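Worksheet: the structure to be examined is printed underneath.
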Number of protein chains: 2
Amino acid sequence: MSLSIGALARQAGVAIDTVRYYERKGLLAPAGRLASGYRRYGIEEIKQLRFIRRAKALGFSLDDIRELLAVSAERDVARVRRAAQHKLGEIEQRIAELEGIRVGLRALIDECPGHGHADACPILNALSKEPDV
Amino acid sequence: MSLSIGALARQAGVAIDTVRYYERKGLLAPAGRLASGYRRYGIEEIKQLRFIRRAKALGFSLDDIRELLAVSAERDVARVRRAAQHKLGEIEQRIAELEGIRVGLRALIDECPGHGHADACPILNALSKEPDV
DNA sequence: CTTGACTCTGGACCTAGGTGCAGGGTGCAA
DNA sequence: TTGCACCCTGCACCTAGGTCCAGAGTCAAG
């Protein structure tokens, strides 16, 4: 059984252009071709595209994923685990940043009466006042 | 007292190109000019650039900030507060997404022994297995 | 008057992850 | 044979928020 690029894209839930883009970026090996030049795919490529989708959903970049695919082909479990841990660290850091912003913004909103003088609005004051951030 | 673009950029802690970029984008009004064409700035612009920096640090995009500047010039406290609340909602949503990812990734890492067969690696399995996400 | 630092404009370039298009060829069913 | 859906390549374009550059003009100190 073999698939056209359109059929593959449908099966994997991505756009045709995305499949070609991933090939250019090295996330998919160059596809086999018919005499006409049409790409042909098998079951493996569906799996690989789904792998890519799931890894993206976990926050991995395409560069990360190319690494991950190489490492998983080597069946190097320890490296896969380290990569996952590294990504987890990045995600936790991003969460911490956003938490800081959330707390700051929440405090300003809670202090702001939502009416009255602009000079008394803690949001505008926080953004405008002298002391440097 | 008046400032060249370079002096302004130093005072505000941004790059010269960024000042011109903000002018193009409508975050700064077109500067006054000397006969030579050189831009001249006053104290107001330092404050405004610092306002922009702080708002960016709170997660506002440049488009948001242009709005915020217009609204704050109107001294419309209620709208400023609504804008802040809206942004807070976006940030909380983003945090929730990242939390979901964090939990998923943490669970996979905790289950992964970090050695042994790739077939038994929960990370690779989660990425590869059939059921669609 | 010269020198070095500064400024002007317009436009190209960067990252990430694609999307869209033109102009052409292919596959298949009626 | 016609008609339509599909596929090919290469390139331009998109968002966001800038950064960098060439080539030319300006300012101020010595």
Side-chain angles (χ1 to χ4, degrees), chain A residues 1-28 30-41 45 48-69 87 90-91 94 97-98 101, chain B residues 1-28 30-41 45 48-69 87 90-91 94 97-98 101:
Chain A
M1 172 215 178
S2 101
L3 298 162
S4 69
I5 191 170
L8 171 66
R10 268 192 303 278
Q11 294 286 318
V14 302
I16 289 179
D17 282 340
T18 301
V19 175
R20 287 194 280 246
Y21 177 72
Y22 286 171
E23 182 178 311
R24 277 206 304 287
K25 286 286 166 174
L27 279 90
L28 287 171
R33 302 285 184 133
L34 297 181
S36 60
Y38 282 26
R39 291 173 179 81
R40 281 282 118 176
Y41 296 96
E45 280 91 349
Q48 186 146 340
L49 279 174
R50 290 184 176 164
F51 183 106
I52 294 170
R53 270 186 36 194
R54 293 193 183 105
K56 257 161 43 78
L58 285 176
F60 291 93
S61 70
L62 296 191
D63 278 356
D64 294 335
I65 295 170
R66 186 173 36 235
E67 273 292 299
L68 217 43
L69 285 165
K87 182 54 61 180
E90 287 177 16
I91 287 167
R94 184 72 185 124
E97 279 170 33
L98 288 174
I101 291 171
Chain B
M1 172 218 181
S2 101
L3 298 161
S4 69
I5 191 171
L8 172 66
R10 269 192 302 280
Q11 294 287 317
V14 303
I16 289 179
D17 281 341
T18 301
V19 176
R20 287 194 281 245
Y21 177 71
Y22 286 171
E23 181 178 311
R24 277 206 304 287
K25 286 286 166 174
L27 278 91
L28 288 171
R33 303 287 184 130
L34 297 180
S36 61
Y38 281 26
R39 291 172 180 81
R40 282 280 119 176
Y41 296 96
E45 280 90 349
Q48 187 147 340
L49 279 173
R50 289 185 176 164
F51 182 106
I52 293 169
R53 270 186 38 193
R54 293 192 183 106
K56 257 160 44 76
L58 286 177
F60 290 92
S61 70
L62 297 191
D63 278 356
D64 294 336
I65 295 170
R66 185 172 38 233
E67 273 292 300
L68 217 43
L69 285 165
K87 183 54 62 180
E90 286 177 16
I91 287 167
R94 183 75 185 122
E97 279 172 31
L98 288 174
I101 291 171

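For the numbers below, each heavy atom of this structure counts, side chains included, while hydrogens, waters and symmetry mates do not. Per chain, numbering begins at 1; letters A, B, ... match sequence-line order. On a predicted model such as this, the values are computed, not experimentally measured, just so you know.
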Rounded to whole Å, OH of A:Y21 lies from P of D:dT9 at a distance of 17 Å

On a plain distance test, is the side chain of B:Y38 in donor-acceptor contact with the base of C:dC6 below 3.5 Å?
-> yes

Rounded distance (Å) that lies between atom P of D:dC6 and atom CD1 of A:I5 = 13 Å

When the nearest nucleotide of DNA chain C is assigned to B:R10 and to A:T18 on a heavy-atom basis, which residue is associated with the more 5' position?
-> B:R10

With the side chain of B:D17 defined as its heavy atoms from C-beta on, choose the nearest nucleotide among C:dC8, C:dT19, D:dT19.
-> D:dT19

Below 4.0 Å: OP1/OP2 of D:dT9 and any side-chain N or O of A:R20 = no

Looking at D:dG18, D:dT26, C:dT9, which one has an atom nearest to any side-chain atom of B:S36?
-> D:dT26

Which of these nucleotides, D:dC7, C:dG17, D:dT19, is closest to any side-chain atom of A:S4?
-> D:dC7

When rounded to whole Å, the CZ to P distance for the pair B:R66 and D:dG18 reads 13 Å

Any chance you could measure A:L28, atom CG, to A:I52, atom CD1, to the nearest 0.5 Å?
-> 5.0 Å

What is the distance from CG of A:L27 to C1' of C:dG17, rounded to the nearest Å?
-> 11 Å

Output yes when at least one side-chain N/O atom of B:R39 is less than 4.0 Å from OP1 or OP2 of C:dC8, else no.
-> yes

Tell me which of B:D63 and A:I16 sits closer to the 5' end of DNA chain D, going by the nucleotide each one is nearest to.
-> A:I16

Rounding to a whole Å, what distance do you find between A:E23:CD and D:dC7:P?
-> 14 Å

Think B:K25 has a side-chain N or O under 4.0 angstrom from the OP1 or OP2 of D:dT15?
-> no

Can you find a side chain N or O atom of A:Y22 that sits less than 4.0 Å from OP1 or OP2 on C:dG18?
-> yes

Shortest non-hydrogen contact from A:A15 toward A:A9 | C-CB, 4.0 Å

Report the nucleotide, chosen from D:dC7, C:dG17, D:dG18, that has the shortest atom-to-atom distance to any side-chain atom of A:L62.
-> C:dG17

Between atom CZ of B:R39 and atom OG of B:S2, what is the distance when rounded to the nearest 0.5 Å?
-> 14.0 Å

Mark yes or no for whether A:Q48, through its side chain, and A:L27, through its backbone, hold a donor-acceptor pair below 3.5 Å.
-> yes

Between B:R33 (CZ) and C:dC6 (P), how many Å, whole number?
-> 19 Å

Between the side chain of A:R50 and the main-chain N/O of A:G13, is any donor-acceptor distance below 3.5 Å?
-> no

Please give, in whole Å, the distance from D:dG17 C1' to B:R53 CZ?
-> 16 Å

Rounded to whole angstrom units, what separation is found between the CD atom of B:E90 and the C1' atom of D:dA16?
-> 15 Å

